[in-house]
Novice: 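To start, I am sharing the structure in question, which I have written as C-alpha cells.
Residue numbering restarts at 1 for every chain, and letters A, B, ... go by the order of the sequence lines.
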2 protein chains.
Amino acid sequence: MLRIAPPTQKQIAARLGVSQSLVSRALSGNAREIGATDVTIKKIQRAATEWNYQPSATALALLGAPTRTIGVIVKNFDDPYFGKLIGALQSLASDSKHSLLLTGPSKEDLSGLQRHRVDGVIMAGSDFQPEGLTTFARAGMPVVQIGTGTAFPGATQIHMDEKSGIDEVVHYLAGLGHREIGFVAKEAGANRRRAEMLRHALRACGLYVRAKSFVSFEGTDGQAAERTVKALLGLARMPTAVVAAEDSIALALLRAFHEAGLRVPQDISIAGIDDIAASAQSIPPLTTLRQPISEMAAAAFHAIGGRQHARVSIPGKLMIRRSCATNLTHKIIP
Amino acid sequence: MLRIAPPTQKQIAARLGVSQSLVSRALSGNAREIGATDVTIKKIQRAATEWNYQPSATALALLGAPTRTIGVIVKNFDDPYFGKLIGALQSLASDSKHSLLLTGPSKEDLSGLQRHRVDGVIMAGSDFQPEGLTTFARAGMPVVQIGTGTAFPGATQIHMDEKSGIDEVVHYLAGLGHREIGFVAKEAGANRRRAEMLRHALRACGLYVRAKSFVSFEGTDGQAAERTVKALLGLARMPTAVVAAEDSIALALLRAFHEAGLRVPQDISIAGIDDIAASAQSIPPLTTLRQPISEMAAAAFHAIGGRQHARVSIPGKLMIRRSCATNLTHKIIP
DNA sequence: AGTGCATACTCATACGTATGAGCTTGACTA
DNA sequence: TAGTCAAGCTCATACGTATGAGTATGCACT
C-alpha cells in the first residue's frame, strides 16, 4: 500500500501557484508584515486546513526550534505509582502542546533522547542514576529528577517532603497511643533514608527506637510478607503499629497479618507511604502518606522551562483511613 | 547558561580537516565503497565517539528515514493495567531501538503525532475512537489498537480472547458447583459485550441466566461498591458467585462484602478480569482472568512492522487464587 | 519621462545528513 | 610525454521550514 505523507508547504504552494515562503508566512501568521493580501492569506490557510497540513516537527527542529518533546525516563513500570505520575505528566504536556518521549534508563535509550533533541529530561524514580545522564546536564539540557536519593550535578530534584510526612505519621500513631512502632522496608537506599527519618521522628516523640523492630522485607515473591510477619511476631516486644516504606509492602502485610490470624487495626495498626490506587480498596482501607503526584509533576514541568537548579520539596498528605486504631495493648506501659 | 549542542558531522569534519560527506560515510560504515583509507575512517570514528556524536534524528527524518518513533495513545492512565502495558511496550521498543511518543487522545495530541512523523500508532484502550485517527490509517500509517470494541478501518486490533476466557471462568465456577452466577460491571460498551459473553457461557453450561443478577456498578466513589453489594444482597435468588468485569471492581466488591459481614469465598465467590498488581495481594487473593499483556504488546509491535490488517485474539490465563470456593449453599438445588 | 515608493510578492540560504557525481593526485603504461 | 586508471577524496543537492534580502508591478508626483 502507498504511504501517503501529509502535504508540505511546497506542495500547497505549487497547487495554489504561489511560493513556498509565502505559504510559510501565511501559516505562521506573519504574512501581514511583508504586505500580503488578506485574500491570499485566507486562501492559503483554507487550503492548509482542507488538506490537513501539519508542519514537520523534524524540519522545525532542524532550524533550531525547540522540539516540544520531553524525555521521560522510567526504570520500573511495575510500580502503580508511576502510572499515575506518567498520567499527570502527560496531561501537563498535552496542555502545553508538548509530547513525552518515554524511555528506559539504558544507554541506548539515553542516546535515543539525545538523537531526538528533547528539550528536557524528567527522570522518575529514586536512587537510579542512568549512566551518561550527567553528560546531558553538563551539555546544558534541563534535567529534573522526581524522587529522592542523590541528585545529579546540575539537575533539579523534586520530591515529597518525606521527613515532615513521616513526622506526621509518627505523631498520628503516637497520638493513638502507640509506643512500640515498627518499620518494614526493602533494603534499598530510599528506604534506608526513610528508616533514618522514622528513627528521628520516634525520638522526637520521646519514643524508644528498637533496632529489632526495623524489619527488612526480603524477596519479591508471595511468601516475602509471610516471612516478615513471622519475624515481627517473634519479637520479644512486638510493635503495636507498623509503618511500611511503600504501600505495596503495606498491602502485602495486611494480607499476611490477616492470614496469621491478627486483625488490622484491632490487633496491629499499619500505615503505608505512597497512596497507590489499591490502598483505598484494601481491607481495611490503608492509612497512608500520599505522594503529591500532580504537584510534583507540575513542579517538574516548571523546572524544565525555568532552568533552575533547585531542590523542591513538596508536602505529602496523610490519608487517614482505617488501618490504624487506638492502641489498647500497651496503653499503660510508660 | 550556554546550551551546548552535541557536535555535528560538519564540526567533526572541520576539526579533522576532511569533508562532511566523508564523515557521514565513515560513520555509516560505507566509506570503503568510495575508497577511503582505513586510517582516515578510524580517525573519524574515534573522534565521533570521543566527542559523543549522536546523529540528529530530525535531519534523518527529513531525508525520509523512519523516525523509529511509535505513538502510544492512552486515554486513562488511572487503570493500573495500562501501566503494565506501557511498560511492556517500552521494553519492546527499547530492544528494537525505538522510542515511544506518549500522548492522550485529544485532537492536538494526534496532530502532535503527525508532526513528529511517527512510524506507527498504538492505541491502548477499548471503545475509544480518537477523532481523526482514521485519517491516519487512511494516510497509510500503521494503526494498532490494543483492546476490544469497534475496530478502525485499516487498523489491526489486538485483544484478549474474552469469549474463551469467560467460558473458562464460568466453567470453573460451574465445576465448583455454582448454579447462580452474577455479573457486576460499569455501564460501558466493553462491559456490555462481556455481559453478553457471560450470558452465552452460562447457557452453554446449562445454567439459567437471571437478568436481575446482572448488576451495574454505578459511580466511581467509595460507596459505589456498597450500593452494588446491597443490590446483590436484596435479590430473591442471590448469586453464589459473582464475576466482575474488571479487577478494580472485584477488589471493591471484596471489601464491600467483607464490610457487609459476608466471607469471601465461604459465603460468596468472586472472580475478576485483568489481573492487576493488587489482585494478588487482596484478601483473599483474587481469582481472575489475566490479560496476556506482554503477548499483546509483542503482537502490537509485530503488527506495526508488518502492515497486516488483522484481528489478533490472544488467550488469557485463568489465575486461580482464593476468592472462589466450592458452593455449599445451593449444592442440592438442580 | 524619470524618480520615489508602497504593495505583494519571490529568491536564496541555513539547519544536519545521505548520496550520486565530480575532482585531484600519483603511478603505470604506451 | 601524453594518456589511462585507480585511489581517495570533495562538491552539490535534496529533504521541509523560516527568514533576510531582493524584485516586479502599479501609481503618484515633479
Novice: Tell me which nucleotide among C:dA12, C:dT17, C:dA14 gets nearest to the side chain of B:Pro55.
Specialist: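 Ranking C:dA12, C:dT17, C:dA14 by closest atom to the B:Pro55 side chain puts C:dT17 first.
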
Novice: Any non-hydrogen side-chain atom of A:Met160 less than 4.5 Å from a side-chain atom of A:Pro315?
Specialist: no

Novice: Whole angstrom is fine here: how far is it from CZ in A:Arg115 over to P in C:dA18?
Specialist: 12 Å

Novice: What contact category does A:Val23 fall into here, base, sugar-phosphate, or nothing, at under 4.0 angstrom with non-hydrogen atoms?
Specialist: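 No contact at all - A:Val23 keeps every heavy atom at 4.0 Å or more from the nucleic acid.
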
Novice: Mind calculating the distance between CD (B:Gln114) and P (D:dT17) to the nearest angstrom?
Specialist: 12 Å

Novice: Please determine, for the side chain of A:Tyr53, which listed nucleotide (D:dT17, D:dT19, C:dT17) has the closest atom?
Specialist: D:dT17

Novice: Got more than 12 heavy atoms from elsewhere within 6.0 Å of NZ, B:Lys42?
Specialist: no

Novice: Measure the distance from CD1 on B:Ile12 to P on C:dA18 and round it to the nearest whole Å.
Specialist: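 From B:Ile12 CD1 to C:dA18 P: 11 Å.
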
Novice: Verify the contact: side-chain N or O of A:Ser21 to OP1 or OP2 of C:dA12, cut-off strictly under 4.0 Å; return yes or no.
Specialist: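 Indeed not, no polar side-chain atom of A:Ser21 lies that close.
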
Novice: For B:Gly35 and A:Ser28, take the nucleotide of DNA chain D holding the closest heavy atom to each; which residue's nucleotide lies nearer the 5' end?
Specialist: B:Gly35

Novice: Under 4.0 Å between any heavy atoms, over every strand shown, what does B:Thr58 touch: base, sugar-phosphate, or nothing? Just pick one.
Specialist: nothing

Novice: Counting only side-chain N and O atoms of A:Lys10, is one of them less than 4.0 Å from OP1 or OP2 of D:dC15?
Specialist: yes

Novice: Less than 4.0 angstrom between a side-chain N/O of A:Ser19 and OP1 or OP2 of C:dT10, yes or no?
Specialist: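 For C:dT10, OP1/OP2 do have a side-chain N/O of A:Ser19 under 4.0 Å.
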
Novice: Quick one: which of C:dT17, D:dA18, D:dG8 gets closest to the side chain of B:Leu63?
Specialist: C:dT17

Novice: Just call it for A:Thr40: base, sugar-phosphate, or nothing, with non-hydrogen atoms closer than 4.0 Å on any strand.
Specialist: sugar-phosphate

Novice: Check the distance between C:dT17's C1' and B:Gln54's CD and give it to me in whole angstrom.
Specialist: 14 Å

Novice: Closest to the A:Gln20 side chain: C:dC11, D:dT10, D:dA18?
Specialist: D:dA18

Novice: Expressed in angstrom and rounded to an integer, what is the separation of B:Arg25 atom CZ from C:dG22 atom P?
Specialist: 14 Å

Novice: Does A:Gln9 get its side chain close enough to the base of D:dA18, under 3.5 Å, for a donor-acceptor pair?
Specialist: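 Absent.
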
Novice: Contact between B:Phe128 and B:Asn76 at the side-chain level, heavy atoms closer than 4.5 Å - yes or no?
Specialist: no

Novice: Rounded to whole angstrom units, what separation is found between the CD1 atom of A:Ile41 and the P atom of C:dT7?
Specialist: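 Answer to the nearest Å: 14 Å.
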
Novice: Can you find a pair of side-chain heavy atoms, one from B:Tyr53 and one from B:Gln11, that are under 4.5 Å apart?
Specialist: no

Novice: Find which nucleotide of DNA chain D each of A:Leu27 and B:Ile34 is nearest to by heavy atoms, and output the residue with the more 5' nucleotide.
Specialist: B:Ile34

Novice: Please tell me which of the listed nucleotides, D:dC9, D:dA14, C:dT19, lies nearest to the side chain of B:Asn30?
Specialist: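 Minimum distance to the B:Asn30 side chain belongs to C:dT19.
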
Novice: Look at all strands and tell whether B:Ser24 reaches a base, only sugar-phosphate, or nothing, counting heavy atoms closer than 4.0 Å.
Specialist: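 Base contact.
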
Novice: Between C1' on C:dA21 and CD on B:Glu33, what's the gap in Å once rounded to a whole number?
Specialist: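 In whole Å, C:dA21 C1' lies 15 Å from B:Glu33 CD.
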
Novice: Quick one: are A:Gln20 and A:Thr8 in side-chain contact, heavy atoms under 4.5 Å?
Specialist: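 A side-chain contact is absent here, since even the closest heavy-atom pair is not under 4.5 Å.
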
Novice: Taking the side chain as everything from C-beta on, heavy atoms only, tell me whether A:Ile44 gets closer than 4.5 Å to A:Arg25.
Specialist: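 Not in contact.
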
Novice: Could you tell me how far apart A:Leu22 (CG) and D:dT17 (P) are, to the nearest whole angstrom?
Specialist: 14 Å

Novice: So B:Leu60, base contact, sugar-phosphate only, or nothing? Heavy-atom distance under 4.0 Å.
Specialist: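 Counting heavy atoms under 4.0 Å across all strands, the contact made by B:Leu60 is with sugar-phosphate only.
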
